[in-house]
Amino acid sequence: MKEKYNPHSIETKWQKQWEETKAFRVKEDPGREKYYLLEMFPYPSGRIHMGHVRNYTIGDVVARYKRMKGFNVLHPMGWDAFGMPAENAAIANRVHPARWTYDNIDYMRTQLKRLGFSYDWERELATCDASYYRWEQLFFLRMWEKGLVYRKRSLVNWCAKCQTVLANEQVVGEGQCWRCDTPVQGQELEQWFFRITHYAEELLAWCEKLPGWPDKVLTMQRNWIGKSYGTEIDFPLADGSGKLTVFTTRPDTVFGATFMSLAVEHPMTLQLSRNTSEEAAVLNFVKKVQGTNRRPDSDVDLEKEGVFTGVYCINPATEEKIPVFTANFVLMGYGTGAVMAVPTHDQRDFEFARKYGLPLRVVIQPNGEAPLSPESMIEAYEGPGILDHSGPFNGQDNETAKKSITRYLEEKGQGREKVQYRLRDWGVSRQRYWGAPIPMIYCERCGIVPVKEEDLPVLLPLEAEITPSGGSPLPLLKEFIETVCPQCQGPGRRETDTMDTFVESSWYFDRYACPDYEHGPLDTKRVDYWMPVDQYIGGVEHAVLHLLYSRFFTKVLRDLGWLKVDEPFTNLLTQGMVIKDGSKMSKSKGNVVDPDQLVKKYGADTVRLFCLFASPPERDLDWSDQGVEGSFRFIQRFWNLALDCRGRIAGKAFSPEKVPAEGAGRSLYIKLNQTIKKVTEDIEDRFHFNTAISAIMELVNALYLFQAEQKDDPLKDTLLAGGVETGLILLSPIVPHVSEELWNLLGKKGSVHRQPWPQWDPQALQEEEQVVVIQVNGKVRSRITVGASVSEEEIKTLALEQPRIQEWIQGKELGKVLVVQRKLVNIVVRH
RNA sequence: GCGAGAGUGGCGGAAUUGGUAGACGCACUGGACUUAGGAUCCAGCCCUGGAAACAGGGUGGGGGUUCAAAUCCCCCCUCUCGCACCA
């Protein structure tokens, strides 16, 4: 009697066994080659979603595959456990964020275990544990000592809903909060910053040395860092009271600068207009601009506006007096917040000049075209050309002029070459409760004083009451705030801001190497063994956020002496989203598929199989309930095959020497080896599990036929045994439970997961008979089957002899006959 | 506007270096088994013509290179993602 495939009993049984035997625990072993496979850890939001299932299934297949290939595989899991949702839940359900978070972790852990992922659960960590974040506080102190942390008053991004500041990287779309989509407002606040700009050049340079990363991600990072070469030019104020400095990538156009524009936030804007007749107008304008959203809409450009500040400065090239404006389109956050305006060669300045009747002077004439004149121009000319109206530089081409004018200004002491980055420092202060406290103290006498290292951790007080208003309760908590200044022993006040949760996720992968280490953040010996991560897998939405921060942090920890690696992730796989009915799964769309229910209905193996089979990992996965049924059917099909021939193959050991030299047995053997090769290469080289699975399906189809047609031959039974067992091994990383069960039911010893990964027999692939396609003028007209020993010359002859081919070439002039690798013959004829 | 990626049957997707377009699966159609089938097995399944053999067309559109193009080159269209007044 054949057992029925019952996924639940099988899966519970093996999961229990893996758990009890700690099957996936790893130890550092310098004698073995390591492989560190990591998936982006989840935020414990309550339940896992299909995106997690997909991400972790992809990772698990690779981890299991690498283990079978003999690597010492680190495959850990943990929780990105600080963050806003816990506070929101606290308000909504009157439950403490800690309680909510740890309950979620407990539930989600069981969900992950039900999917059969091969994690070393002994390395599990949660970033909200003091045993984790205490080290982050230590990093903060050391970075402070090195000048990599500083406090500064500046214009920051404020999310009114989350009631906190956001980093530039966390402002997404059209200026919205990455978490809640609320439009972000600008606010002037004093904040803690990490000096990521110190590493701008290195972060950029290493983009060239990460061949295992997708180009898309590297491009996004390069653009985000945004390096450009240009010149800083000083424009003295006309009254001699100082100067304004601009950054420009077009120093070649400086002779055309007929006015200047300052950002409304530029410190000089209000200062210059003070006590002039323009003061009121400027003040008005600044207020008005700051009150509006200045991000241009996707389709309509914001109209350029500005007002005269009442003062003039001197163009250092022309020595002319030019007016200084403040304008709504000048950004304070880039360059110096002041720009020289060249209306003829910059579209924004052109529009501005036309609106306010400011003078235009053409200083670049396009090559070989009619010369430009200010009267006839309808838009700015931003292309290359020859200098005009530029004094001694007339006649130079503009690229040369960039250098010569910069040199000229340098000699005058009014300019210098400048490399400008778009990247700005990482604001890490969050006005939130559920995060790692920033270990700093304010003292009236000593100013800002770091907490002493021996006093770490600064514990997040768990007795805090979350207020329904949504603000952080920390500033209200006397026991927390009131402390002693470590320097003068006088009264001190603790920093109540917590750290951005992206700080925690910037080094968790290092801590997995030694999650239990108590003498420091990282145990050098273990971390050096495991780092860097060989393969990192996660969503592309972190292309600049988490992935840039992690790269930065790795370099910081290296420079602080805790790490030896320059980069954290050697290879990166960004998986696509899970889509249903044309859009991303979301509660609001109502197209969410619950992993729990699927596992309940079909079992984890089916869910895993479908996630891998439906599309290659980097593409979006289109969810299909019928597709899931198909995956379930395939598992059953394999189950039935294995058990149907259990009697025939029991105790029969496969050996390649016994394979028949020809016939159905030989074909099956060839198919088997083709499958091993295809599956191995698809997993190893490109993570294309979908095609790996198709190949196994083909093998199963072949085994079915073979089993039905080839009977009464013990030799064929051993071949069948070899086919079924190899199929099981190939499938085991994908559907681990059912493969282990069948391995057992077939009476095989040990665990299928401990089997070495099969190798293909290259001989078998070579000697295969080939179908050769015969084309006439590129169109397929016939096919012949040839053996391995047939030469190209013979194939050519055979092809021409074919009656069907004769019909096509008869009476025509025979041209070239091309033979391609025993695959194809193309006969060229003219008529 | 700039940058990146994609466009292949009714659907998800194959075709790895230019060499049989549509593997594998889903859906659908027919058949077998059956009291029954929403189980299982077998077969068919790009379009047009044809009973079939076969012929012609076909990978977003147009052009080109080549014995041969989904694949390479040029132009255009559509979609997705990222950045976006960056001086």
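Labels below follow one simple rule: chain letters A, B, ... track the order of the sequence lines, proteins then strands, and each chain is numbered from 1.
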> Give W808(A) one of three labels, base, sugar-phosphate or nothing, depending on what nucleic acid heavy atoms sit under 4.0 Å from its own.
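Contact class for W808(A): sugar-phosphate only.
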
> Between A87(B) and R348(A), counting only base atoms on the nucleotide and side-chain atoms on the residue, is there a donor-acceptor pair under 3.5 Å?
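Answer yes: a donor N or O sits under 3.5 Å from an acceptor.
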
> At under 4.0 Å, does any side-chain N or O of K779(A) touch on OP1 or OP2 of G57(B)?
yes

> To the nearest Å, how far apart are N168(A) CG and G82(B) P?
17 Å

> Has the side chain of K584(A) got a donor or acceptor that lies under 3.5 Å from a partner of the other kind on the base of U80(B)?
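When only heavy-atom distances are counted, K584(A) does not reach the base of U80(B) through any donor-acceptor pair under 3.5 Å.
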
> May I ask you to check whether R551(A) and Q221(A) show a side-chain donor-acceptor distance below 3.5 Å?
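Q221(A) and R551(A) do have a side-chain donor-acceptor pair below 3.5 Å.
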
> Tell me which of D215(A) and S631(A) sits closer to the 5' end of RNA chain B, going by the nucleotide each one is nearest to.
D215(A)

> Strictly below 4.0 Å: does R422(A) bring a side-chain N or O up to OP1 or OP2 of A84(B)?
yes

> Think R637(A) forms a cation-pi with Y704(A), using NZ or CZ under 6.0 Å from the six-ring centre and within 45 degrees of its axis?
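Yes, R637(A) lies over the aromatic ring of Y704(A).
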
> Touch check for N690(A), heavy atoms < 4.0 angstrom, all strands: base, sugar-phosphate only, or nothing?
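If one applies the 4.0 Å heavy-atom cut-off, N690(A) turns out to touch the sugar-phosphate alone, with no base involved.
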
> Is the phosphate of A53(B), meaning OP1 or OP2, less than 4.0 Å from a side-chain N or O of R781(A)?
no

> When rounded to the nearest Å, what value does the distance between P atoms of C46(B) and G25(B) take?
15 Å

> Where the side chain of F613(A) is defined as all heavy atoms beyond and including C-beta, which of G25(B), A87(B), U20(B) is the nearest nucleotide?
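The closest nucleotide is G25(B).
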
> Is it the case that the side chain of D181(A) and the backbone of Q176(A) share a donor-acceptor pair, with hydrogens and angles ignored and the cut-off at 3.5 Å?
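No, D181(A) side chain to Q176(A) backbone: no donor-acceptor pair under 3.5 Å.
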
> Suppose you measure atom C1' in U71(B) against the same atom in U65(B); what distance do you get, rounded to whole Å?
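Result for the C1' pair: 14 Å, nearest Å.
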
> Do the side chain of K304(A) and the base of C85(B) come within less than 3.5 angstrom through a donor-acceptor pair of N or O atoms?
yes

> Considering all heavy atoms of both residues, which atom of L423(A) and which atom of A200(A) are nearest to each other, and what is their separation?
CD2-CB, 4.0 Å

> Can you tell me how far P in U8(B) sits from the matching atom in G13(B), rounded to whole Å?
9 Å

> Hey, does G630(A) reach any base, or is it just sugar-phosphate, or nothing, if we go heavy atoms under 4.0 Å?
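Here G630(A) touches the backbone only, sparing every base.
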
> So, H542(A) and E169(A): side-chain donor and acceptor under 3.5 Å apart, yes or no?
no

> Whole angstroms only, please: what is the CG-P distance between L824(A) and C67(B)?
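One finds 15 Å between P of C67(B) and CG of L824(A), rounded.
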
> Rounding to an integer number of angstrom, what distance separates A87(B) and C75(B) when you compare their C1' atoms?
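The same atom, C1', in both gives a distance of 33 Å.
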
> Fill in the dot-bracket string of RNA chain B, one character per base: . for unpaired, | for a pair to another strand, ( ) or [ ] for pairs within the strand, taking Watson-Crick or G-U pairs under 3.5 Å.
(((((((..(((......[....))).(((((.......))))).((((....))))..(((((..]....))))))))))))....

> Suppose you measure atom P in G44(B) against the same atom in A53(B); what distance do you get, rounded to whole Å?
12 Å

> Apply salt bridge (charged side-chain N to carboxylate O under 4.0 Å, His left out) to residues R354(A) and E351(A) and explain how you reach the verdict.
CA-CA 5 Å; R354(A) 276 285 147 91; E351(A) 289 168 29; over 6 Å; no

> Select base, sugar-phosphate, or nothing to describe what Q775(A) touches, counting heavy atoms under 4.0 Å on all strands.
base

> Of all the nucleotides listed (C67(B), A23(B), A14(B)), which has the minimum atom distance to the side chain of R619(A)?
A14(B)

> Which heavy atom of P616(A) sits nearest a heavy atom of N690(A), and at what distance?
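Closest approach of P616(A) to N690(A), heavy atoms only: CD-ND2, 3.4 Å.
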
> Closest to the K678(A) side chain: A23(B), G25(B), U16(B)?
U16(B)

> When you compare the side chains of T231(A) and T406(A), does any donor N or O come within less than 3.5 Å of an acceptor on the partner?
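A donor-acceptor contact under 3.5 Å links the two side chains.
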
> Considering only the C1' atoms, how many Å lie between G9(B) and A84(B), rounded to the nearest integer?
39 Å

> Under a 90° cut-off about 0 for the syn range, is G44(B) syn or anti?
anti

> Stepwise, does the ring pair (Phe, Tyr, Trp, His ring centres under 6.0 Å) test hold for F689(A) with F613(A)?
CA-CA 6 Å; F689(A) 311 105; F613(A) 182 56; over 10 Å; no

> Within this structure, what is the CD-to-P distance between Q626(A) and A27(B), rounded to whole angstrom?
5 Å

> Without decimals, in angstroms, what is the distance between L731(A) CG and C24(B) P?
17 Å

> Sticking with atom P, work out how far C73(B) lies from G7(B), rounded to a whole angstrom.
15 Å

> Quick one: which of W623(A), Y602(A), F634(A) gives a ring-ring contact (aromatic ring centres under 6.0 Å, His included) with F610(A)?
W623(A)

> State, to 0.1 Å, how close N398(A) and R250(A) come at their nearest heavy-atom pair, and which atoms those are.
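Looking at all heavy atoms of both residues, the closest pair is ND2-NH2, 3.7 Å.
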
> Are side-chain N/O atoms of R633(A) and T606(A) paired as donor and acceptor at under 3.5 Å?
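Judged by distance alone, the side chains do not pair up.
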
> Using a 4.0 Å heavy-atom cut-off across all strands, classify S624(A) as base, sugar-phosphate, or nothing.
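Result for S624(A) = nothing.
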
> What does the list of N/O pairs under 3.5 Å between the protein and nucleotides 39-44 of chain B look like, with a distance for each?
residue : atom : partner : partner atom : Å
C41(B)  : OP1  : R637(A) : NH1          : 2.9

> Answer yes or no: does a side-chain N or O of W224(A) lie under 4.0 Å from OP1 or OP2 of A4(B)?
no

> Nearest whole Å is fine: how far is C54(B) P from R804(A) CZ?
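Rounding to the nearest Å, CZ of R804(A) and P of C54(B) are 6 Å apart.
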
> So W426(A) and Y549(A), would you call those rings parallel, tilted or perpendicular, with 30° and 60° as cut-offs?
parallel

> Can you tell me how far C1' of A87(B) sits from CG of D349(A), to the nearest Å?
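Roughly 7 Å, once rounded to whole Å.
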
> Y334(A) has a side chain; which of A15(B), A87(B), G12(B) sits nearest to it?
A87(B)

> Under 4.0 angstrom, heavy atoms only, what part of the nucleic acid is V828(A) near: base, sugar-phosphate, or nothing?
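Touches sugar-phosphate only.
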
> Roughly how many Å is it from CE in M220(A) to C1' in C2(B), rounded to a whole number?
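One finds 14 Å between C1' of C2(B) and CE of M220(A), rounded.
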
> Strictly below 4.0 Å: does N826(A) bring a side-chain N or O up to OP1 or OP2 of U20(B)?
no

> Whole Å only: how far is the CD atom of E382(A) from the P atom of C85(B)?
15 Å

> Does D685(A) reach a base, just sugar-phosphate, or nothing at all? Heavy atoms under 4.0 Å.
nothing

> Identify whether any heavy atom of K4(A) sits under 4.0 Å from a base atom; if not, whether one sits that close to sugar-phosphate; answer base, sugar-phosphate or nothing.
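No contact.
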
> Of the nucleotides G12(B), A21(B), U16(B), which one has an atom closest to the side chain of A614(A)?
G12(B)

> Which one, A87(B), A23(B), G12(B), comes nearest to the side chain of S228(A)?
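Nearest listed nucleotide: A87(B).
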
> Testing L572(A), L573(A), V540(A) one by one against P214(A) for a side-chain contact (heavy atoms from CB on, under 4.5 Å), which residue passes?
L572(A)

> Tell me which of E681(A) and K823(A) sits closer to the 5' end of RNA chain B, going by the nucleotide each one is nearest to.
E681(A)

> Roughly how far apart, to the nearest Å, are U20(B) and G64(B) at atom C1'?
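Those two atoms are separated by 25 Å.
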
